[in-house]
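A, B, ... follow the sequence lines: proteins, then strands. Residue 1 opens every chain.
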2 protein chains.
Amino acid sequence: MNKRPTIKDVAKKTGLSLSTVSLVINKSGYVSEKTREKVLKVVKELDYHPSRAARGLASRTSGNIGFILSEDHFSRAEPFYTKIFLGTEFEARNHNFYILLTTVDTLSKKELAIPRFLLERNVDGVIIAGKMDTKLVDYVERLDIPLILVDFRIPGRRVSTVMIDNRKGVRLAIEHLAERGHTRIAFVGGDPGHPSISERFQGYRETLEELRLPFDENLVVTSEVALRVEDGFHALRTIFEREGKPTAVFAANDAMAIGCIQYAKHAGLQIPRDLAVVGFDDVESTLHVDPRLTTVRVFKEEMGALAVRRLVEAVKSKSRNIVDTYVPVELIVRESTMGRTPGDGVPKGVEIPEMQD
Amino acid sequence: MNKRPTIKDVAKKTGLSLSTVSLVINKSGYVSEKTREKVLKVVKELDYHPSRAARGLASRTSGNIGFILSEDHFSRAEPFYTKIFLGTEFEARNHNFYILLTTVDTLSKKELAIPRFLLERNVDGVIIAGKMDTKLVDYVERLDIPLILVDFRIPGRRVSTVMIDNRKGVRLAIEHLAERGHTRIAFVGGDPGHPSISERFQGYRETLEELRLPFDENLVVTSEVALRVEDGFHALRTIFEREGKPTAVFAANDAMAIGCIQYAKHAGLQIPRDLAVVGFDDVESTLHVDPRLTTVRVFKEEMGALAVRRLVEAVKSKSRNIVDTYVPVELIVRESTMGRTPGDGVPKGVEIPEMQD
DNA sequence: CTGTACTATAAGAGCGCTTCGATATTTATT
DNA sequence: AATAAATATCGAAGCGCTCTTATAGTACAG
């Protein structure tokens, strides 16, 4: 390790004290313009960069933000939360923070493991994404570290959140189906313990009511534990084995929607002629299934970025205001509801997905 | 911030000196079993955890590993490198390291920006994934920080790497196609500046030769800049506009393969009857396209994990051995080469993808 | 019984910064 | 002109660890 310049070297070369140099670097306190410039010039000359560890120790800040995700959400291919994470990462750079990612095992009944970055005081703020053991939320709050929940909330609890406008998303989807003449619209859900999922179900019921469409329990499956493709497949099969078939299905997320498409094909149904399918989230794969999936777009990266912005504000201002942020949604109409003959290629104007090696 | 216990508190409570406590915590030097236990007991009682910043400053280590990815690779939905990243993350936890992720803009002709974690000496080792400006590699090496390249290498340069066995992967794919009677196998490529991509092309040529199949330039497109779905679409169209159509196509990655499927459908071709398609990487979406894509599986998480393991070794042993690691590949045969009638649902035994909300 | 090697603990000097309080200087206020 | 307030710089005390060096006890060889 070749010797890097320290703040001492800068002080020596400028003829100023350590404190003054430090003031310049931290843009805090009173420093004359002249000295400021002198310091900055020398900093550049020496290519000086303060050591993160030293600053951290002296100022008890880390320059890191912790991102906590449940192992459950993470361990499967996680296009949704991964996108949120990438969004945080990108935004964090703008604020000179790094994101420390960690997962927490919430499934096994072992004692809750506290992320190491909390124990070592190695983060200035914490993001918790998706459903998470309340005990961990408690723990973070007791540390008095700024906290924000993304795509998660705890009923009756005052914590800052960044949430999807789930109700609106569902309304857009159901209205779209209703406009196309559907009256028997199935709902395929998943873990109702996840606030976003339960909100989607509530939105479904509300919208049916608004539109004066009948609610039929035979058209609903929410008891399935998970939210995976295969769960969508099985859930829709369950519905088709009951009385009174649907002509459209709304799935609480895209993975399940894709499972619905698979079941429909399996059952020899033409999409969207015999069955229209709508998903939620707008993950990558929705563009590659055949037919492409109509879905509710969620701005996942934006959610992460927003969370970081709120957190950085809180860290810098040392305030602990509670802020609830809703991110908007959009309905993306594709062939799974708007019918073209399957397999007729790439119509002009239809988006071509980006994806790479 | 409530006061957390420091090493001093542990020393006081045990009646030992700071140094002894430190020795116990770092498992270094001579400490009697009795003292060790006493210290650990008190550590537990106080719920003491050493401050990362303080250790960092004193020992000039950070407990972090830097992960550098080109902006180019990252900014699109990046199932491939994202998986590698997640693999590093998981493995890093086992070694009590955190991964600091950053991207570098390699496209614009601006001056190369050095990741902040390098300037601030905030990482103990560095992973560079995918194609990257050589200057950055030089920079890291000059810092004398352990470095490992993943899915990237620089010809004639001695740097540790974790590479895909690209040649073998291609051979498996081409042999599979040849076994099924194909003799006119197209190659759809991408950025030949990326070592993995150029190796795949070399593997293609070698295998054709081994199998005594003719090499026909009309069946090859490698000039396209990128590796996206749309590039696959256009590349295959280009080939079909030439003399002598292929009966099979090997795409250098899955995204392009999916583009090829889209083109084939667009052109009214039945897959695999009229055209067999094989990809490379085995990303998530290959399971959701119709027909499912035959592809070469790459153990992406494993690549990340291996890189971390190598790096941690290097950090701990302070050695600078050069190690080249190859990760194995597998051919995953699905319907894009093995023909079932499209749309016949989910055959038993065929994998159902995991994916979630 | 002295010397050497090993084992076990301690003392204390940093690591490279931030920050508090002190001091000095200038500018505004009455 | 006297005082208060704002501006500018500095000295020094840590922040909470690690690590080198010192000290002392113990074991064993000669």
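Residue B:S51 has no polar side-chain atom (N or O) positioned under 4.0 Å from OP1 or OP2 of D:dC17. Regarding contacts with the backbone of D:dT9, a side-chain N or O of A:S32 is found under 4.0 angstrom from either OP1 or OP2. Between B:R60 and C:dC15, a side-chain N or O to OP1/OP2 separation shorter than 4.0 Å is absent.
Nearest nucleotide to the B:I7 side chain, out of D:dC10, C:dA10, D:dC17: D:dC17. Each of D:dT9, C:dC17, C:dT19 was ranked by its minimum atom distance to the side chain of A:S59; first place goes to C:dT19. Distance from the side chain of A:A58 is smallest for C:dC17 among the nucleotides C:dC17, C:dT7, D:dT18. Here the side chain of B:S22 is nearest to one of D:dC10, C:dT18, D:dT18, namely D:dT18. The side chain of A:A54 sits closest to C:dC17 out of D:dC17, D:dG11, C:dC17. When each of D:dT7, D:dG16, C:dT18 is scored by its nearest atom to the side-chain atoms of A:Y30, the top-ranked nucleotide is D:dT7.
Listed for the B:R310 side chain is no donor-acceptor partner under 3.5 Å among the backbone atoms of B:S160. A:R4 places no side-chain N or O within 3.5 Å of a backbone atom of B:R121 that could act as its donor or acceptor partner. With hydrogens and angles disregarded, no donor-acceptor distance shorter than 3.5 Å links the side chain of B:H95 to the backbone of B:F97. Listed for the B:T161 side chain is no donor-acceptor partner under 3.5 Å among the backbone atoms of B:M163.
When rounded to the nearest whole Å, the span between NZ of A:K8 and C1' of D:dC10 equals 15 Å. Atom CD in B:E33 sits about 13 Å away from atom C1' in C:dA8, given to the nearest Å. One can place CG of B:D9 at 11 Å from P of D:dC15, the figure rounded to the nearest angstrom. Nucleotide C:dT18 holds its C1' atom 10 Å from the CG atom of A:L57, rounded to whole Å. Distance A:R55 CZ to C:dC17 P: 9 Å, rounded to the nearest Å. A straight line from CG of B:L18 to P of C:dC15 spans 18 Å, rounded to a whole angstrom. As rounded to whole Å, 16 Å separates atom P of D:dG16 from atom CG of A:L119. Taking atom CG of B:N122 as the reference point, atom P of C:dG16 lies 15 Å away to the nearest angstrom.
Among the protein residues, B:L23 comes within range of the nucleic acid bases, having at least one heavy atom under 4.0 Å from a base atom. Within the 4.0 angstrom heavy-atom criterion, only backbone atoms of the sugar-phosphate kind lie near B:T35; the bases stay farther away.
A salt bridge links A:K41 with A:E45; the closest basic N to acidic carboxylate O contact falls under 4.0 Å. Note on B:D138 versus B:R157: salt bridge recorded, some NZ/NE/NH1/NH2 to OD/OE distance being below 4.0 Å.
Checking A:T20 against B:G15, the closest nucleotide of DNA chain C that is more toward the 5' end is the one next to B:G15.
A donor N or O paired with an acceptor N or O is found under 3.5 Å between the base of C:dA11 and the side-chain atoms of B:S19.
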